[in-house]
Amino acid sequence: MENVSTLQTSVVPRVQRTSSEPAEKDAQFLALRLLNKRTRVRLSPEPIDLSAAPGKLSLFAVANARGWFVAVTRDASGQSALILSPLSALNSAFASDTAEDEKPFAPQRRVPLRGPMAIMVTFAFNDSKLLVGLANNSIAVYEADHLCSPGDGQLAPVHTFPASPSVTLLSIHPNPEGLPELVAVLRDCSNSPGSLTVELLDVQKLVSAGGWIAGNSPSTVPTAISWSPKGKQLALGMQGGDIVTYNPVNTATPKCSIPHPPSTDGMSVISIHWLSTCSFHAIYAPVGKLAPDAEQAHFHVSLDSKANSVQDLKFNSPYFPFPALRPPGSFAVILKNWDPYKTILFLGDSTSSDIGVIGAITDGHNERWHNLSLEETSTPNLPLDKDQNDTVLIGQDLALTNTESYRHTTASGEPLDLPPPPIMYAYASDGTVLGWYLLNTSGSVYHAMVKETAATETTMSLEPPSSMKRAPSTDMQTTPSVSPSAPVSETTPFGRPPSTPHQPAVPVPPPPSGFTHQTSPFGTPSTSVFTQTPTFGQSSFDQLAASTPSAFSQASPPTFGSAAATTKLTARSSSCVSASASVDDQMRAKLRRVHPSPALEWDLMHAELFSVGFVGPPGCELSEHSELRHVKGFLVMMQATQRE
């Protein structure tokens, strides 16, 4: 086969390296708001069968050029199906006023899937193709024109790319722009030597277009891949930890090699995102089969080929591996050039019910990366299912078709109309989906927003719509790895589009009646809500927020970010009580049924801590951005102890 190469050990250049750990920072001008605080939308009649695949499941995807989404569902008989509908219909399901904890969704298209279960879905080729990865490792290709229209019944794929049963399908990566017909596929071929570990598929001609066969050393076994922002190169993250880039039309010659951070010796790259000219977000983990609680190290790695230097920034993990029901499998929603941020990454994982945030802020010509701490009402979390058990993230994507402005309430209580914000969706293993408005409270318009067009009126072009083109960023243009040359700059700088007129503001749904916040003198006795049974979709902490009065309603809530296995509660003044505690296995088991409520405010939590003598009076605050989930777990434990 042409354009197929066996990977050889690359000569990693000697470079000057600087390593640091960025400080955590409050996410200024960034806020998240649920599409509906009281309910979520049920896409799948029954929970998804997680046993169908040992690795990551990715069962939700958005086609912004069409304004449609796809999800994999399961019915009572165990049969899987693809469902598709316009994003506007999904948003309308969230917007409808109802007191139900979840609302069933009626899709415009349902396609039963016969045979192996779908384990991943993604749109490709300017959203003109839908690719469905199956449990038997094959990939089915559907015409989006056939799917993105109302109807029901069986629709056959136009082509299926077969795979050996001895390989394992790991991920599918559509080319973002430069070579839109290409799709890169990553497989684990450890049980099938000589098979294509990374294969390039041409989904226009429906043929294999080449790829790479793994070598015999860790430095020649790809474990993660990512296209460059403009789609001209493909980065291979290796089992040995290094990152090697290639031109997809010349698989024999590497373009550049970036050595791994020294602290990740003995670890492999399990996820990689090529962010800009020569910078990557990479996740490292121990080599081999990973347990749900395996260590994950998050880094921003960048190469300055002119200075022959590499910088690596190590972040605190943006999510805590809890409830740890599945092995690691990362998800990312990435936004670029949204003033004042150059890059924002919303990072989820199969191991966690949290979605964390990492971002880069521009300061003149400087770029400063941070773990970003969102306010409590903005922190995205997965819900509990109807039996109050934890769920697993099986899909995360970004919709850019929203046309309604958002009425935001400022800290001073004044209304502020913001331009139509992007919407981030998270699909949970119980079959429900949540959505969050991503708000830039500075009023900056996100440049990548597109106008939704009904699929029946859309004639897809092989060229992406102008509004869908990404902000220009220069791909890494370097000579072979021994001596990287300076990247070739591109002439089109990123320019902010002119502001557009605001659409009519969407009123924010009022909170449930129990959430009305009333102030009372501190220390007034109140009935503990932990003796109450939470309703579906609502945790005990939602009820705490609804029923516990507080005298600290004017206090500004601190933010929480980095996760830690040990939670420390520390007094900030000499008059405060200090305490610390560790979460042992028994507490972890009880925490499995704890779901942090975005509505829980700091003053309520502090009052509850004080009421059981765990901290001192006002002035004692949680330090070191302790894991909110664990803090709330301690409250549950202490309440249970009191009752016993």
Side-chain angles (χ1 to χ4, degrees), residues 9-25 218-219 223-224 226 228 235-245 254-287 294-321 328 330 332 334 341-345 347 349 356-373 476 478 481-484 486-487 561-565 624-625:
T9 301
S10 298
V11 179
V12 179
R14 292 184 177 273
V15 295
Q16 295 180 337
R17 180 181 289 276
T18 58
S19 301
S20 62
E21 297 186 13
E24 190 159 336
K25 183 179 178 64
S219 63
T223 51
S226 176
S228 62
L236 310 185
M238 298 297 185
Q239 188 181 84
D242 296 337
I243 299 171
V244 185
T245 68
K255 299 288 289 183
C256 188
S257 294
I258 301 95
H260 63 274
S263 61
T264 63
D265 284 344
M267 304 178 80
S268 65
V269 183
I270 62 169
S271 174
I272 183 174
H273 294 284
W274 195 332
L275 300 176
S276 61
T277 306
C278 47
S279 71
F280 305 84
H281 178 264
I283 305 175
Y284 297 84
V287 176
E295 177 189 359
Q296 296 187 47
H298 289 251
F299 280 85
H300 178 264
V301 181
S302 59
L303 169 70
D304 185 339
S305 55
K306 292 182 179 179
N308 198 35
S309 64
V310 171
Q311 179 187 55
D312 58 76
L313 307 174
K314 183 179 181 181
F315 300 100
N316 292 323
S317 177
Y319 43 78
F320 185 72
S330 68
I334 302 175
Y341 295 97
K342 180 177 180 181
T343 307
I344 305 172
L345 290 86
L347 298 170
D349 195 79
V357 194
I358 291 173
I361 301 172
T362 55
D363 180 12
H365 296 291
N366 298 322
E367 177 182 289
R368 293 176 286 110
W369 282 89
H370 300 276
N371 282 96
L372 296 178
S373 295
M476 188 181 299
T478 57
S481 59
V482 176
S483 178
S562 60
E624 301 179 2
H625 297 287

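Values in this document were obtained by computation on a predicted structure and should not be read as measured data.
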For a quick test of reading the model, state the closest non-hydrogen atom pair linking [X] to [Y] and the distance between them.
X    : Y    : value
Y284 : G241 : CE2-O, 3.3 Å
N308 : R14  : ND2-O, 2.9 Å
H281 : I358 : NE2-CD1, 3.9 Å
V244 : P254 : CG1-CB, 3.6 Å
D242 : P259 : OD1-CA, 3.4 Å
W274 : S226 : N-OG, 3.0 Å

Does [X] reach the main-chain N or O of [Y] with its side chain, forming a donor-acceptor pair under 3.5 Å?
X    : Y    : value
T343 : A360 : no
H298 : S317 : no
S268 : V287 : no
N371 : N316 : yes

Interatomic spacing from [atom1] in [X] to [atom2] in [Y] - rounded to 0.5 Å:
X    : Y    : atom1 : atom2 : result
S271 : F280 : OG    : CZ    : 12.5 Å
F299 : S19  : CZ    : OG    : 7.5 Å
S279 : H300 : OG    : NE2   : 3.5 Å
M238 : T9   : CE    : OG1   : 9.0 Å
I243 : L303 : CD1   : CG    : 10.0 Å

Could you pull out all residues at least two apart from [X] that satisfy ring-ring contact (aromatic ring centres under 6.0 Å, His included)?
X    : answer
Y341 : none
H273 : none
H260 : none

> Per the side-chain contact (heavy atoms from CB on, under 4.5 Å) rule, which among V301, V310, L313 passes with P261?
Replying inline: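 Exactly one candidate clears the test, V301.
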